[in-house]
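So you know, we letter chains A, B, ... as the sequences are listed, proteins then strands, and number each from 1. As the structure is a prediction and not an experimental result, all values here were calculated from the model.
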Amino acid sequence: MEWINAVVQGVLLGGLYALFAAGLSLIFGVMRLVNIAHGDLIVLAAYLGLSTTMMLGVHPFVALLIVMPAMAGIGYVLQRGLLNQTLGDDILPPLLVTFGLSVIIQNALLEAYSADPLKLSGGAIETASLSVGGLAIGVLPLLTFAVAVAAIALLQWVFYATSLGRGFRAVSDNQDIAQLMGLNRAHVFGLAMALALAVTAIAGILLGVRTSFDPSVGGGRLIFGFEAVIIGGLGNLWGTLAGGVILGVAQTIGAKIDPGWQLLAGHVAFLVVLAARPNGLFPRVEH
Amino acid sequence: MPEPLLNIAGLDAHYGDFQALYGIDMTVAEGEVIAIIGANGAGKTTLMRSISGLLTNAAEQVAFKGRPIGNLRADQVAYLGIALVPEGRQLFPSLSVEENLLLGGKVARPGPWSLSKVFELFPILKERRAQPSTSLSGGQQQMVAIGRALMANPELILFDEISLGLAPVIIKSIYEALPGIVGEGMTAMIVEQDISKALAVSSRVYCLQEGRVSLEGTTGTVTRDQITAAYFGVDA
Ligand SMILES: Nc1ncnc2c1ncn2[C@@H]1O[C@H](COP(=O)(O)OP(=O)(O)OP(=O)(O)O)[C@@H](O)[C@H]1O
Ligand SMILES: [Mg+2]
């Protein structure tokens, strides 16, 4: 029973990791940009949520109404003002620039909020649980997982069933020819980053309600996001969810064996998948 | 003389240090079908890329309806009414046939072309509409590429080697569709390796040689010898 419990908790934790990863996956898929600052942007969203709840006295989930558009706006401006200039044949400039951005965000958060761990207060939902067949399932992890599934379904729909998504796929296929069709790639990339950071806002708020955070925790979230993306296979959003779940389950089972093994077990699972399937479990099939 | 639809004046084009076009002058009047011929590497594709905005130039080197456009981006040029059917078709592999066509209609200029009109021109595409574009045969892919350009309802359509790599019977059927396209009042520039094909569909011809215009004339008046000389740069 305890093992089943560990697996269930791991699956639900995987939802959070999938939310960390979805934005990374989207950005890489559309513009081949590896965003080193992604974890810090998640943490930035958590802090924006904190400020919003303090200023307006609202629940963190209500704060999303402000934090999501704010992060989307930041994403668009960041992409058009900075990141677009780094994109080209060379993969190094975007890595260096987003690494620099990561350092800048961390330091700005330190200045603004200090290094003390803080937390978003979710109220009763944090401790509420459902008992299902002898297992106690936390409402917050369950909600997180449901939100992750919904977010990925929505992204999938945008990508494959809307004209915005058609533009994303076209620009990803061939930037020049997409430009001939009237798509300005600078704008399309801006929209992709805006969408990615809107999802990141959700991830940040859920992270902040679940655990305490400080300006330095972004790097760890970036790693979890990366691992989920790579395990699932690049360019496949449902694969990213599966990757998050595998990572989550590995961590909770590792922690069950020995509490110190939680992170290590996740990394080992990642390495095992990578060794067996270098393209991840569900890579996007090219036609 | 009325203002030409397209006026190219002293157009230079570069790839890094390499200069591909040298002072090209060209005019295209509304309703004309212009053939562009020239040997491999003469600069035909470079010319198409310059007109469509994939290569940017000094503003006044390319003027469309009297407006300098040489410095505009390709998406801006598309909205003004110039469409390119690129060399090698270049469909979007992640998009279905229909999605490729719909994307071509993104600029949504008013005009006769619509999805149903393209399906009327190339009925096979209607059957294959849901397939990935790259699962089609070469000829069908070329139809998608042409339909995709038409969907924008351009005033000027550029065809870069639409018969390249296709079977003769397919080439024939694609060329048979051309009058129906330019008959709608569209102006066209056609890059074609097959000189007799180029001359058959066009009213005027330009020959490029090593980045320069080596011959210009109405199709009826240029002679084979002139073309041979302009093509290969030898005095016939
Ligand atoms: N991306 C590029 N970088 C550098 N040089 C290029 C590039 N594209 C073309 N060139 C050079 O520019 C010149 C003109 O090429 P272009 O493709 O315009 O010729 P073309 O007339 O279309 O030839 P083809 O009949 O082979 O299609 C050639 O010498 C070619 O090698
Ligand atoms: Mg060419």
Side-chain angles (χ1 to χ4, degrees), chain A residues 25-32 79-80 84-85 87-90 155-192 195 233-240 279 282-287, chain B residues 16 45 48-56 72-109 130-136 141 144-145 147-154 157-158 160:
Chain A
S25 179
L26 179 80
I27 291 306
F28 184 82
V30 174
M31 61 188 100
R32 303 285 177 273
Q79 187 66 40
R80 293 217 58 171
N84 274 342
Q85 280 70 37
L87 295 174
D89 295 331
D90 192 351
L155 285 179
Q156 190 81 9
W157 175 77
V158 167
F159 229 71
Y160 291 100
T162 69
S163 66
L164 178 66
R166 203 189 294 142
F168 286 160
R169 282 178 289 144
V171 173
S172 165
D173 278 349
N174 189 328
Q175 296 186 10
D176 274 355
I177 305 298
Q179 200 95 13
L180 283 177
M181 306 292 125
L183 289 168
N184 179 11
R185 103 186 119 215
H187 176 63
V188 173
F189 287 169
L191 293 178
L195 185 61
L234 279 174
N236 180 343
L237 285 165
W238 288 117
T240 296
N279 290 325
F282 314 102
R284 183 172 65 175
V285 276
E286 293 289 349
H287 299 299
Chain B
T45 297
M48 299 290 114
R49 291 172 62 84
S50 295
I51 298 171
S52 62
L54 287 177
L55 290 175
T56 45
L72 298 185
R73 294 188 313 263
D75 58 304
Q76 298 169 313
V77 173
Y79 279 95
L80 293 177
I82 299 180
L84 168 65
V85 182
E87 188 173 3
R89 307 182 268 279
Q90 312 229 37
L91 303 183
F92 299 107
S94 308
L95 273 57
S96 69
V97 168
E98 182 169 335
E99 285 180 317
N100 267 278
L101 294 172
L102 288 173
L103 194 64
K106 175 171 191 305
V107 301
R109 295 167 46 84
Q131 290 188 15
S133 52
T134 41
S135 70
L136 304 188
Q141 288 191 29
V144 178
R148 187 175 65 176
L150 291 175
M151 287 289 287
N153 279 301
I157 186 165
L158 314 172
D160 195 354

Check: For the residue pair Gln90(B) and Ile177(A), what are the closest heavy atoms and their distance?
Finding: O-CG2, 3.7 Å
Check: What option among Val77(B), Asn100(B), Leu84(B) has the most heavy-atom pairs under 4.5 Å with chain A?
Finding: Leu84(B)
Checklist line | salt bridge (charged side-chain N to carboxylate O under 4.0 Å, His left out) against Arg49(B), all qualifying residues, sequence neighbours excluded | finding: Asp176(A)
Note to self: If the condition is salt bridge (charged side-chain N to carboxylate O under 4.0 Å, His left out), which residues does Arg169(A) pass it with, not counting sequence neighbours?
What the structure shows: Glu99(B)
Next item on the list: Considering non-hydrogen atoms only, spot the tightest contact between Gly182(A) and Val107(B) and give its length.
Entry: CA-CG1, 3.9 Å
Next item on the list: Measure the spacing between CG of Leu180(A) and CE of Met48(B) and express it to the nearest 0.5 Å.
Entry: 12.0 Å
Checklist line | Candidates Leu102(B), Asp75(B), Leu103(B) - the one meeting side chain to side chain contact (heavy atoms under 4.5 Å, CB included) with Met181(A) | finding: Leu103(B)
Check: Out of Leu54(B), Ile82(B), Leu91(B), which one racks up the most heavy-atom pairs below 4.5 Å with chain A?
Finding: Leu54(B)
Next item on the list: Under 4.5 Å heavy-atom distance to chain A, tell me which part of Ser135(B) shows up: side chain, backbone, both or neither.
Entry: neither
Next item on the list: Could you tell me the separation between the CZ atom of Phe168(A) and the OG atom of Ser94(B), rounded to the nearest 0.5 Å?
Entry: 13.5 Å
Note to self: Just so I understand: if I count every heavy-atom pair under 4.5 Å between each of Asn184(A), Asn174(A), Leu183(A) and chain B, which residue has the most?
What the structure shows: Asn184(A)
Next item on the list: Enter the distance from Ser96(B):OG to Tyr160(A):OH here, rounded to the nearest 0.5 Å.
Entry: 12.0 Å
